[in-house]
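Numbers here simply count residues along the sequence, with the first being 1. Each ligand, and each atom within it, is numbered from 1 in the order the structure gives. Note that the coordinates shown come from a computational prediction; the quantities given were computed from them, not determined experimentally.
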Amino acid sequence: MEQGGLSCLIVSRRGLRVRKPVIAGNWKMHMTCADARSYMSVYLPLIEETPNDRHLVIAPPFTALSTLADITRDTKLELSSQNVHWENKGAYTAEISPSMLTEHKVRYAIVGHSEPRKYFSESDEQINLRAKSAQSNGLIPIVCVGESDQQREMGEAERVIRRQVEQGLEGMNTNQLIVAYEPIWAIGTGKTCEANEANRICGLIRGWVGSSELIVQYGGSVKPDNIDELMTMSDIDGVLVGGASLDPKNFARISNYSLN
Ligand code: 13P
């Protein structure tokens, strides 16, 4: 497991790349422990030859973390949680603390996904607390931002995303951080954001944060047939994959993206 900042110098066929891409699968509320075991029996052999110029991450439900911590030991796959609380213990029914995650070798924590924002009214302030708690406990937060269909149509996409970025990342160390640009209208709909537009927004986010090393992922209907194009984009440093990560062969194809 790498310590320190996420970025490092990578020599690719296309030249030098400073930010090492992060390919992450978000299983959401899918997969029992038994499902996770049989998934990994297919997926792990398919990433044995994957180059080390990318990070590979899976975010299973909490119940599968312990099982996966065992199965993925000494492999290229790292673990993420799908949430993290800002306290390390206390009367917070249904929440999970950073130390409960690091005990299972979890390295990343998704926060601010549009689903908890929508279903549980998570605010940017809460997301910021979660992200800061993750960082101060040695986890790398993957902070999700993105506009709705309606906000995009009204020309408000940039203003909305900028507010989410500024409030969600306030007071954070930008070297131990990932931002995932996930336009809500592209999540689970099959409508991928056009690669150039996704690239433009990812570049804007990096500019607003003011760190050339910040890893910015794209998420929203990423699939085997669009991954290669997305990964050629200069400002897209990886992807956060929902539906297509549930199939081990599809996620292996995404993990093994090629820039040729
Ligand atoms: P889909 O890949 O299913 O569109 O989901 C994206 C997502 O929400 C990842 O966090």
Side-chain angles (χ1 to χ4, degrees), residues 21-31 35-36 39 43 54-62 64-65 68 77-84 101 106-120 122 127 130-131 134 139-149 151-152 157 160-161 164-165 168 177-195 197-199 201-202 205 215-231 233 236-257:
V22 179
I23 306 297
N26 174 10
W27 280 353
K28 307 190 179 182
M29 199 172 70
H30 294 276
M31 304 276 182
D35 294 336
Y39 180 106
Y43 176 76
R54 63 203 72 182
H55 295 278
L56 302 179
V57 180
I58 204 82
F62 299 133
L65 283 172
L68 287 181
L77 188 63
E78 299 177 299
L79 295 179
S80 173
S81 66
Q82 296 179 19
N83 200 3
V84 63
L101 298 170
V106 173
R107 189 178 184 210
Y108 304 83
I110 296 173
V111 299
H113 192 279
S114 63
E115 287 149 14
R117 283 185 194 261
K118 175 178 163 193
Y119 298 123
F120 307 116
E122 285 236 322
I127 289 157
R130 292 186 191 281
L139 291 160
I140 296 165
I142 301 176
V143 182
C144 304
V145 298
E147 80 286 2
S148 68
D149 216 353
Q151 288 163 334
R152 176 157 281 261
V160 168
I161 300 163
Q164 292 172 339
V165 166
L177 175 68
I178 297 172
V179 176
Y181 169 53
E182 296 207 303
I184 299 169
W185 49 271
I187 295 179
T189 58
K191 285 195 262 173
T192 320
C193 183
E194 209 259 313
E197 174 60 4
N199 190 53
I201 300 279
C202 290
I205 291 171
I215 305 278
V216 185
Q217 294 175 308
Y218 167 76
S221 298
V222 175
K223 298 184 238 32
D225 62 14
N226 58 25
I227 182 66
D228 293 341
E229 185 191 9
L230 286 165
M231 290 308 298
M233 296 289 138
I236 297 180
D237 308 320
V239 286
L240 186 54
V241 189
S245 74
L246 296 174
D247 179 291
K249 289 187 181 152
N250 281 345
F251 191 52
R253 170 65 186 86
I254 290 169
S255 305
N256 288 315
Y257 72 83

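- With contacts defined as side-chain heavy-atom distances shorter than 4.5 Å, the pair Phe62/Ser81 qualifies.
- Under the 3.5 Å distance criterion, with hydrogens and angles disregarded, no donor-acceptor pair is assigned to the side chains of Thr192 and Tyr218.
- Residue contacts with ligand 1 for Asn26 involve side-chain atoms from C-beta outward but no N, CA, C or O (heavy atoms, distance under 4.0 Å).
- Ser245 is linked by a side chain to side chain contact (heavy atoms under 4.5 Å, CB included) to Trp27, Val241, Phe251, counting only residues two or more places apart in sequence or in another chain.
- Checking side-chain atoms of Glu78 against main-chain N and O of His55 turns up no donor-acceptor pair under 3.5 Å.
- Of all protein heavy atoms, the one lying nearest to atom 7 (C) of ligand 1 is Glu182 OE2, 3.2 Å.
- Using modelled atom types and a 3.5 Å distance limit, the side chains of His113 and Gln82 yield no donor-acceptor pair.
- Below 4.0 Å from some heavy atom of Gly220 lie the following atoms of ligand 1, by number and element: 4 (O).
- Of the listed residues (Ala180, Ala59, Gly219, Gly242), the one carrying the non-hydrogen atom nearest atom 2 (O) of ligand 1 is Gly242.
- Counting atoms of ligand 1 from 1 in the listed order, those under 4.0 Å from a heavy atom of Leu240 are 9 (C), 10 (O).
- Under the 4.0 Å criterion applied to side-chain N and carboxylate O atoms, Asp228 and Arg253 are assigned as salt-bridge partners.
- Near Gly188, meaning under 4.0 Å from one of its heavy atoms, ligand 1 places the atoms 1 (P), 3 (O), 4 (O).
- Taking 4.0 Å as the cut-off between side-chain N and carboxylate O, Glu122 and Arg117 do not count as a salt-bridged pair.
- Contacts of Ala244 with ligand 1, taken as heavy-atom pairs under 4.0 Å, are absent altogether.
- At least one donor-acceptor pair closer than 3.5 Å links the side chain of Arg54 to the backbone N or O of Tyr257.
- Considering backbone and side-chain atoms together, His113 places an N or O closer than 3.5 Å to an N or O of ligand 1.
- Contact annotation: Lys223 has no heavy atom less than 4.0 Å from any atom of ligand 1.
- Which parts of ligand 1 touch Gly243 is read off a 4.0 Å heavy-atom cut-off, strictly below it: atoms 1 (P), 2 (O), 3 (O).
- For ligand 1, the atoms lying closer than 4.0 Å to a non-hydrogen atom of Ala186 are 4 (O).
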